[in-house]
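Only heavy atoms go into these numbers, but all of them, side chains included; no hydrogens, no water, no symmetry mates. Ligands are counted one by one from 1 in listed order, and the atoms in each one are counted from 1 as well.
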Amino acid sequence: MIPYGRQSISEEDIAAVVSVMQSPFITQGPEVESFEQAVADHVGCSDAIAVNSATSGLHISCLALGLGPGDLLWTSPISFVASANCARLCGADVDFVDIDSKTLCMSEEALAEKLHHHKAHGLPMPKIVVPVHFAGQSCNMKAIWELGQQFGFRIIEDAAHGLGGSYTPPGKEATPIGRSDFSDICAFSFHPVKSITTAEGGMACTSNKALAERLRRLRTHGITRNTAEMTKPTEGLWYYQMLELGLNYRLSDIHAALGRSQLKRLDAFIERRRVIAKQYDAAFKNLPEGFSTQFVPSYAASARHLYVLRVPAAERSAMLNGLRDEGIGVHVHYIPIHLQPYYQALGFKEGQFPEAERYYSEALSLPYFSRPLRRRPLVRD
Ligand SMILES: *Cc1c(COP(=O)(O)O)cnc(C)c1O
């Protein structure tokens, strides 16, 4: 079966991992910092904080922005559950903003409308909004950021799909997703189906020094070794202080070495996906009524994580099964989060986010990944 996505591991990747395994540090050594610096340099943010998944990155991002019980986070229903779960893990509430039927990202019009409606009727307002760069295609970040200024919410970009993509603000140069010009924090995933992989892993990017400090602390138990942050003078070289409740969300040096090696090929990976996209685009140029592909607005250069085709809902299952019988591993991304039993139990109902639900009934993700042209033996002596 041709999968919808898969990783590409080179000899160099394997050598990078092996060399860490033969070194004194397999975790908390120099590789994590090198990987963080490499990602920060690549996307142009001031700080990149490596974590053991994007889920962890989203969770500590919410904590760092002070999200807690009684607070509210809004995100897109067409995403992986982690985009919403990060709020629940902080004891906060979740609500959703419907997608744009063409870009498949959170609709900035629906967001503006919902904000105005909530404000006018005294309904709860979000403390954080999490736009999701669906399929690697940036949301309309400046529009969302301006709403954030107007209505007083913070922004965490769920860029699990987004590494390698860019966003062009009106009248400006393209900026890599992750530079966080129009958000507080941007979270990447390095799961094997994403742009680059560390097996499991993620990165929280920010250009806010205070947030970066807090993210670093929350990633490792809420502990600091920085004397400037301590409540009293240090008691010696061994001394550290736990200033708040944190977690162990660290990435290991083994994973970081894989990530740093993979990052060198990011541009080649995206280029390969771009070539495949062109072939798909050409094949789907004259689609019949009821079929469509994702619209790419002029402000987005996609990281090309997913290639989605919309087909008539009545034919979707038969098409999916037929293609899978032919060895073509098409998939569906995503089941709208508000339809998950956990969220239904919180009171969300079918019909609440109609564009998301319609998209879900019509969606097919086609195989889309970069793979080395020649398979090399993976066993070394
Ligand atoms: C993959 C994914 C995540 C979670 O990433 P992990 O690194 O597996 O925790 C979050 N959001 C979206 C949109 C994703 O696709």
Side-chain angles (χ1 to χ4, degrees), residues 3-7 35 39 48-63 73-90 94 96-97 99 103-106 128-139 141 155-165 177-178 183 185-205 215 218-219 247-252 255-256 258-259 262-263 273 294 300 302-308 331-338 340 342-343 356 359-360 363 365 368-369:
Y4 83 89
R6 58 158 286 177
Q7 73 278 14
F35 181 39
V39 171
I49 294 92
V51 281
N52 58 9
S53 71
T55 304
S56 306
L58 291 167
H59 183 197
I60 58 171
S61 296
C62 288
L63 291 173
L73 176 147
W74 289 2
T75 189
S76 168
I78 293 296
S79 185
F80 184 58
V81 290
S83 310
N85 291 355
C86 56
R88 300 296 299 151
L89 289 167
C90 300
V94 172
F96 301 93
V97 177
I99 60 166
T103 66
L104 312 179
C105 290
M106 176 188 284
I128 297 176
V129 170
V130 177
V132 181
H133 302 315
F134 182 75
Q137 190 168 301
S138 178
C139 299
M141 289 311 298
I155 300 170
I156 302 169
E157 295 170 75
D158 182 339
H161 303 175
L163 183 66
I177 292 178
S183 69
I185 305 168
C186 177
F188 292 116
S189 171
F190 306 131
H191 179 275
V193 298
K194 311 290 165 80
S195 303
I196 63 167
T197 191
T198 60
E200 298 285 355
M203 193 75 78
C205 292
L215 288 165
L218 287 163
R219 165 182 69 176
L247 302 117
N248 177 356
Y249 278 172
R250 292 189 303 263
L251 190 72
S252 81
H255 295 86
L258 176 55
Q262 286 256 309
L263 186 65
R273 287 169 182 265
Q294 187 180 14
S302 180
R304 301 174 185 278
H305 170 61
L306 296 172
Y307 194 101
V308 291
H331 219 286
V332 172
H333 299 93
Y334 290 91
I335 305 159
I337 300 174
H338 69 285
Q340 294 292 351
Y342 172 84
Y343 284 97
Y359 166 71
Y360 168 58
S365 302
Y368 200 33
F369 51 89

Across all chains, not counting sequence neighbours, the side chain to side chain donor-acceptor pair (under 3.5 Å) partners of Arg273 are none

Does His331 have any side chain to side chain donor-acceptor pair (under 3.5 Å) partners at least two apart in sequence or in another chain, and if so, which? none

For Arg250, check salt bridge (charged side-chain N to carboxylate O under 4.0 Å, His left out) against everything at least two apart and list the hits. none

Pick out the protein N or O atoms lying less than 3.5 Å from any N or O of ligand 1, and list each pair with its distance.
residue	atom	partner	partner atom	Å
ligand 1	5 (O)	Ser189	OG	3.3
ligand 1	7 (O)	Ala54	N	2.9
ligand 1	7 (O)	Ser189	OG	2.7
ligand 1	9 (O)	Ala54	N	3.3
ligand 1	9 (O)	Thr55	N	2.9
ligand 1	9 (O)	Thr55	OG1	2.5
ligand 1	11 (N)	Asp158	OD1	3.3
ligand 1	11 (N)	Asp158	OD2	2.8
ligand 1	15 (O)	His161	NE2	2.7
ligand 1	15 (O)	Lys194	NZ	3.0
ligand 1	15 (O)	Tyr334	OH	3.0

No-hydrogen, no-angle side-chain donor-acceptor test under 3.5 Å, Ser183 and Glu157: yes

Main-chain N/O of Ala54 paired to Ser189 side chain as donor or acceptor, under 3.5 Å: no

Qualifying residue, where the test is side chain to side chain contact (heavy atoms under 4.5 Å, CB included) with Phe134 and the options are Thr103, Asp158, Leu306: Leu306

